[in-house]
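Report on the following structure.
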Amino acid sequence: MARTVPADHPAFVPLPVTHVPLAAGVRAAVHVAGQLSSRRLPVVCLPGYQRNMSDFTEFAAYFRRVGGGDWPVVLLDLPGRGRADDRKKPGDYGSLVDADDVASVMTALGIGRAIVLGQGHGGQVAMALAANRPLLVAGTVLLDSGPVTDSRGIVRLRNNLAHVEALRGAKLVKAGFHRILSGDYPGLPDDRLDALMGRSHFIDKRGRARPLYDTRLIEALASINFDDVLMAQWPLFDALTCAPLMLLRTQLTDQLRRETFDEMVRRRPDAVALTIVGQGSPALFDQSEEIEAVAEFVLQTNTQLLGKAA
């Protein structure tokens with residue numbers, strides 16, 4: 001059965017999209033905030049593995065005020081996520097294919113270079129883009145992402161999704177999401193937890209949680225165990241030397257181990273590094289400190305490459 005997304009889903013209402021054709025007959029969904037300009041490096045935001053552009057809603061709203069206003073921010077739903085098409089075959093999913101699709105979207109929008117902000121899987125896509133298309137990458141921001149993925153986070157994600165998607169009744173579904181999300185966002189009120197739930201699922205007329213992603217993405221994780229040591233991809237990380245780098249990690253994330261983050265900082269002492277306290281993945285981008293830090297990185301990179309923004 002084809003995946004459907006309600007046209008009036010609250011998480012997507014403030015983010016109208018256009019669809020960009022890609023290879024293999026599928027489309028990405030794209031939202032452009034601000035004004036694309038030859039004097040301003042756009043920020044291209046890539047969400048996590050099964051996530052979608054709504055994770056960057058607050059970020060994009062803030063960035064519209066950066067540098068005198070209307071700074072360009074491009075939000076993407078890659079195939080299999082949000083309002084993009086699903087890929088034809090499960091084997092078509094992967095970070096290298098996603099990186100090619102990001103390049104295609106940038107070309108379609110007339111973007112020659114961009115600062116790429118990748119969260120989780122989106123950061124791995126950013127690394128693959130830097131390795132294969134370095135001239136497209138003017139700067140990179142990695143958030144809870146690195147060359148070593150924590151298997152514990154993958155198993156937790158898989159198990160949590162299986163649990164909430166098996167629940168019946170809207171009240172039970174919301175309670176299940178609250179229990180899961182409150183560990184990553186301690187003290188967050190129920191209405192904010194409901195909004196977070198709405199970024200990955202909607203509740204259908206039968207009271208079931210329906211995913212805003214292709215479930216084959218999660219099926220691909222079935223063979224990963226809690227204590228697996230996943231292959232490190234340090235050469236991909238090293239490809240980021242093509243441009244300035246910013247490294248962000250949420251304090252409570254289970255996607256990127258602290259020791260991996262520390263090694264990333266050690267390897268790139270020139271990188272701007274920041275820990276976002278009191279929350280897990282995905283980052284909420286609801287505190288001025290981290291958004292202003294990213295804004296400063298973007299403005300400095302823009303000045304270095306293009307001069308002061310017009």
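Everything numeric in this text was worked out from a predicted model, so none of it was measured. Heavy-atom basis, side chains included; hydrogens, waters and symmetry copies ignored.
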Evaluate the side chain to side chain donor-acceptor pair (under 3.5 Å) criterion for residues Q304 and Q300: first the C-alpha distance (whole Å), next the side-chain angles of each, then the deciding distance (0.1 Å), finally the verdict. CA-CA 6 Å; Q304 291 170 11; Q300 287 182 352; 5.2 Å; no
Working for side chain to side chain donor-acceptor pair (under 3.5 Å), residues Q50 and H121: CA-CA 8 Å; Q50 87 289 3; H121 173 78; over 6 Å; no
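Salt bridge absent: E219 and R216 never bring a charged side-chain N and a carboxylate O closer than 4.0 Å. The pair D214-R3 does not count as a salt bridge, with every side-chain nitrogen at least 4.0 angstrom from each carboxylate oxygen.
Rounded to the nearest 0.5 angstrom, R179 CZ and L181 CG are separated by 11.0 Å.
With a 6.0 Å radius and a threshold of 12 heavy atoms from other residues, nucleotides or ligands, E296 has its CD atom at or below the threshold. Within a 6.0 Å radius of CD in Q35, other residues, nucleotides and ligands contribute 12 heavy atoms or fewer. Environment of CD in E289: sparse, with no more than 12 heavy atoms of neighbouring residues, nucleotides or ligands closer than 6.0 Å.
A donor-acceptor pair under 3.5 Å is formed between the side chain of D77 and the backbone N or O of R83.
Looking at L245 and F237, their side chains come closer than 4.5 Å, going by heavy atoms from C-beta outward.
For F12 and H31, the ring centers are positioned 6.0 Å apart or more.
Tested against D101 for a salt bridge (Lys or Arg N to Asp or Glu O under 4.0 Å), the candidates R81, R27, R87 yield a single pass: R87.
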